[in-house]
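This report refers to the structure that appears directly beneath it.
Just the heavy atoms: all of them, side chains too, but no hydrogens, waters or symmetry mates, feed the values below. Order of the sequence lines fixes the chain letters, A, B, ..., with proteins taken first and strands second; residue numbering starts at 1 for each chain.
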Amino acid sequence: MEIKFFPYDFEYKVKEDETFIYLYGKLENNSKICVIEKYRPYFYAQVSNIHRKQLNKRLSDLQIEDNKKIAKVTSYEECEKELLGKKKDFWKIYVNYPKAVPIISKELSQWGLECYEKDILYTHRYLRDREITPFTLVQAKGDFIDENRFRVPVFLAEEIKQFSKDRLKNVKLLSIDIETYSKNKIIQMDKNPILMIAFYGRDEKGKEFKKVITWKKFSEKKDYLEFVNDEIDLLNRFRQIMIDYNPDILTGYFSDGFDLPYIKTRAEKYKIKMDLGLDYSEIYTGSKYNNNNLSNATSKIKGILHLDIFKFIRNIFGKNLKTESYSLNAVSNELIGNSKHDIKIEKLADTWDNHPEKLIDFCEYNLHDAHLALQLFEKLFFDIIEFTKIIGLPSDDIIRMRFSKLVESYILQRAKEYNVIAPNKPAKNEIEQRFEETYEGGFVYEPTPGLYEDLIVFDFRSLYPTIITAHNIGPEALNCDCCDDKEKVPGKDNYWFCTRKKSFLSKVLERIILRRVDLKRLIKESNEEEKLLLESRSYALKVLANSFYGYMAFFGARWYCIECAKSTTAYARDYIQSTIKKAEEKQFQVVYADTDSCFLLLGDQIMDQAMEFMNEINFNLPGHMELEFEGYYPKGLFVALKGKEGGAKKKYALITKEGTLKITGFETVRRNWSPISKEVQQNVLRMVLEDKKEEALEYIKEMISKLKSGKISKEDLIIKTQITKDLRSYSSIGPHVAVALKMLEKDIPVGPGTIVEYIITKGSGLIRERAKMLEEVKQGEYDADYYLNNQLIPAVSSIFLVLGYNEEDLLGEGKQEGLGKFF
DNA sequence: TCCATCCGGGG
DNA sequence: GTGTACGGATGGA
């Protein structure tokens, strides 16, 4: 019989010398299913100069003991494939189970054979070979079989193929979050119990499911609240809820390294079988989950797709965010405009022991955290889906990848189509060598400090990707034999790239670029919901395209090519520098440039002339390269490097016609600056860019006198610094450490990760002796001189210097030379 | 300034 | 799971 289903979770099992892939998913009627198919593991060996008859004999005799198993070769096929641009003969060698691949290939390497694709994960290999895309409709021919140890029907497939691009739209989501007993910020899974578990789910129809279970009773009642007797009951109840609710996707925030390992640890302690897998298997956690290295732990439940949304944010999506911290609170604030509940989680243990009547606040908090994780997941689900579909690997692997791995996975996906064999990962000594390599990056034009008007900013769209494709950059094309008389890389006389045969990498990259061009057109024509999905797709493709350049210089890359990376930046420098030159030839004054952008002054010319200049540049650009008009800014400020003559690179502020500030490189966003410095810096920048120089001077003087007279509210003076290690191990006691020690004396828990907030107060002695907690400080008790010299003045001095005022001018101490000079 | 170590997220 | 992170910040030499 024939069935169609949407697979989204994958594993394999070895049964009596045969290996089966298990594809968990849903039928079109929303019911769950597990489809299994036999699949044979293999790798490649290069046999170009090998005595084949002899090899055949040796392979058939080969048997290697591996625990109780015997690894052996089952068969082989001859094939021709391309390795780094050269066609070579290979044997595709099949072995009797997946883990025999590394064992057999290692032995063959010792025989002197070059082995390839011997470390491709088995499920990944399967998905690529079968061309199956997770979350989309797949057809299977075969029959249902009796498997009593399964929570869902099992279908044994004889044939599986992708049926259509239809995507699974109805998913049942569940987010979980636990709160645990912890007295001193130290997390000890083996010692401290789980106190409560929150669930926040949404089913296929959008119906919500909310629940918090806890094992301390109190009088407050809530619909979602359920009491159990003890931690054992809590764990059993958790198991039952998971089984009953039966989500397709489970999420959480750091559930990979915290919630699931914690639950597993506690369940093991009480010998409770946490057999949540659809095959009754227990929660799987990466082996190192309890020895202090949780940050890359993985937790899986077979058949239920567990996607820790923190992982996707930390590894991939976080690069779009402004936040420096990937804490649930910071991320939720930025992405969904929602904060965690404002309670002191460090008081939970005490409340649990001594004030159970107040536990309701913690239950609310618990549920809210689960809700936040669910909302984050829903916000990013399209992005995860699109990355998954484009790369064609399981989502739970995708979200755990960094950019280099994403790109490599994408390239590997294409390798099969182009009959390309993947080069091996570098060995240890090779990696060490690669680490040594450094090279020149983008070109940055040193600005002359000043306040400029009528700035036009142009930038090259996707500069590095378009250079790579336009100049056919890639390992196979580097210094080819066929065209060494051709164009050399600018400034690199010993590098050139083939102009006859396209390199595999640039072909792959070009396809991404073209797909994005298509998508942009589609997005314009599509409705709102479709648009969101297509934008996610476009974003995923953009991330991939932009990662190619970095990938070629990445030490772990299979298609590593440092010459390619060097050439890419060399071309980029050449393009931006020649753009600057041409702009100057056209009588535009260039004030700044950085890698792919160029800032010029309109001067006496009109916008049409600037556009004409851009069109002329574009006329001569190869491939998909394009210089774009980024914007017009009435005013722009470039400041000097502290204590130096020259202009600071990557530090400037622009204002748009509409009055929006574009600030780059200034301190306004950093944590260890007090709110007052940030605010003053922003205001001064705005006034200067709005051409209100005198107003800015008056403003700063007013703020200085306000500060001096003690009128700044203490909240605006808080400096925040994070405690990063155990307090005793600090050898130099900075103000934040001194305050942390005071907090400890007052029984306020402090440990690594605590952000200490303090104010520097008046008096004599060391700064650290005058650093105090907010509540200790009376209004106006702060040390005005400290704030002036270490916060306010440093935040604005470089800006005023451009206007001709030095620090004395601001402080009203010196003569006001600036006025005469500039107005 | 360089090199080695520490840290993230979670309670 | 055909396996063992990684890149930035920090602090000591």
Given [options], which nucleotide is nearest the side-chain atoms of [X]?
| X | options | result |
| --- | --- | --- |
| A/Val101 | C/dG1, C/dT2, C/dG7 | C/dT2 |
| A/Ile187 | B/dG11, C/dA5, C/dT2 | B/dG11 |
| A/Arg314 | C/dA5, C/dG7, C/dT2 | C/dA5 |
| A/Pro102 | C/dA5, C/dT2, B/dG11 | C/dT2 |
| A/Lys99 | C/dA5, B/dG11, C/dG1 | C/dG1 |
| A/Lys425 | C/dT4, C/dT2, B/dG9 | C/dT4 |
| A/Leu328 | B/dG11, B/dG8, B/dG10 | B/dG10 |
| A/Asn296 | B/dG11, C/dA5, B/dG9 | C/dA5 |
| A/Ser295 | B/dG11, B/dG10, C/dA5 | C/dA5 |
| A/Glu346 | B/dG11, C/dA5, C/dT2 | B/dG11 |

Ignoring backbone atoms, test whether A/Lys300 places a side-chain nitrogen or oxygen under 4.0 Å from the OP1 or OP2 oxygen of C/dG3.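 Result: no.
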Next item on the list: Check whether any side-chain nitrogen or oxygen of A/Tyr42 sits under 4.0 Å from OP1 or OP2 of C/dT2, and answer yes or no.
Entry: no
Within the 4.0 Å heavy-atom criterion, would you say [X] contacts the bases, only the backbone, or no part of the nucleic acid?
| X | answer |
| --- | --- |
| A/Lys340 | sugar-phosphate |
| A/Ile178 | sugar-phosphate |
| A/Tyr97 | nothing |
| A/Tyr12 | sugar-phosphate |
| A/Asp369 | sugar-phosphate |
| A/Phe43 | nothing |
| A/Ile186 | nothing |
| A/Asn192 | nothing |

* **Check: A/Asp308 side chain, A/Phe254 main-chain N or O, donor-acceptor pair, under 3.5 Å** => yes
Consider side-chain contact (heavy atoms from CB on, under 4.5 Å). Of A/Thr74, A/Val101, A/Ile104, which one does A/Tyr94 pass it with?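 Among A/Thr74, A/Val101, A/Ile104, the one that satisfies the side-chain contact (heavy atoms from CB on, under 4.5 Å) with A/Tyr94 is A/Thr74.
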C1' atoms of C/dA5 and B/dG8, separation to the nearest Å: 11 Å
How far does the C1' atom of B/dG9 sit from the matching atom of C/dC6, given to the nearest Å?
-> 15 Å
Report the distance from atom [atom1] of [X] to atom [atom2] of [N], rounded to the nearest whole Å.
| X | N | atom1 | atom2 | value |
| --- | --- | --- | --- | --- |
| A/Ile104 | C/dT2 | CD1 | P | 16 Å |
| A/Tyr126 | C/dT2 | OH | C1' | 17 Å |
| A/Phe258 | B/dC7 | CZ | C1' | 18 Å |
| A/Leu321 | B/dG9 | CG | P | 12 Å |
| A/Ile431 | C/dG7 | CD1 | C1' | 15 Å |
| A/Leu121 | C/dG1 | CG | C1' | 7 Å |
| A/Leu294 | B/dG11 | CG | P | 13 Å |
| A/Asn329 | B/dG8 | CG | C1' | 16 Å |

Could you tell me whether [X] and [Y] have a side-chain N and a carboxylate O separated by less than 4.0 Å?
| X | Y | answer |
| --- | --- | --- |
| A/Asp279 | A/Lys13 | yes |
| A/Asp9 | A/Lys302 | no |
| A/Glu430 | A/Arg434 | yes |
| A/Asp397 | A/Lys300 | yes |

Decide yes or no, distance alone: a donor-acceptor N/O pair under 3.5 angstrom between the base of B/dG9 and the side-chain of A/Lys311.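 Between B/dG9 and A/Lys311, which were checked side chain against base, a qualifying N/O pair under 3.5 Å is absent.
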(Q) Can you say whether a donor on the side chain of A/Tyr284 sits under 3.5 Å from an acceptor on the base of C/dG1, or the other way round? (A)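 By the distance-only test, yes, there is a pair.
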Are A/Tyr464 and A/Tyr549 close enough that their ring centers fall under 6.0 Å?
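Yes, the ring of A/Tyr464 comes within the 6.0 Å limit of the ring of A/Tyr549, centre to centre.
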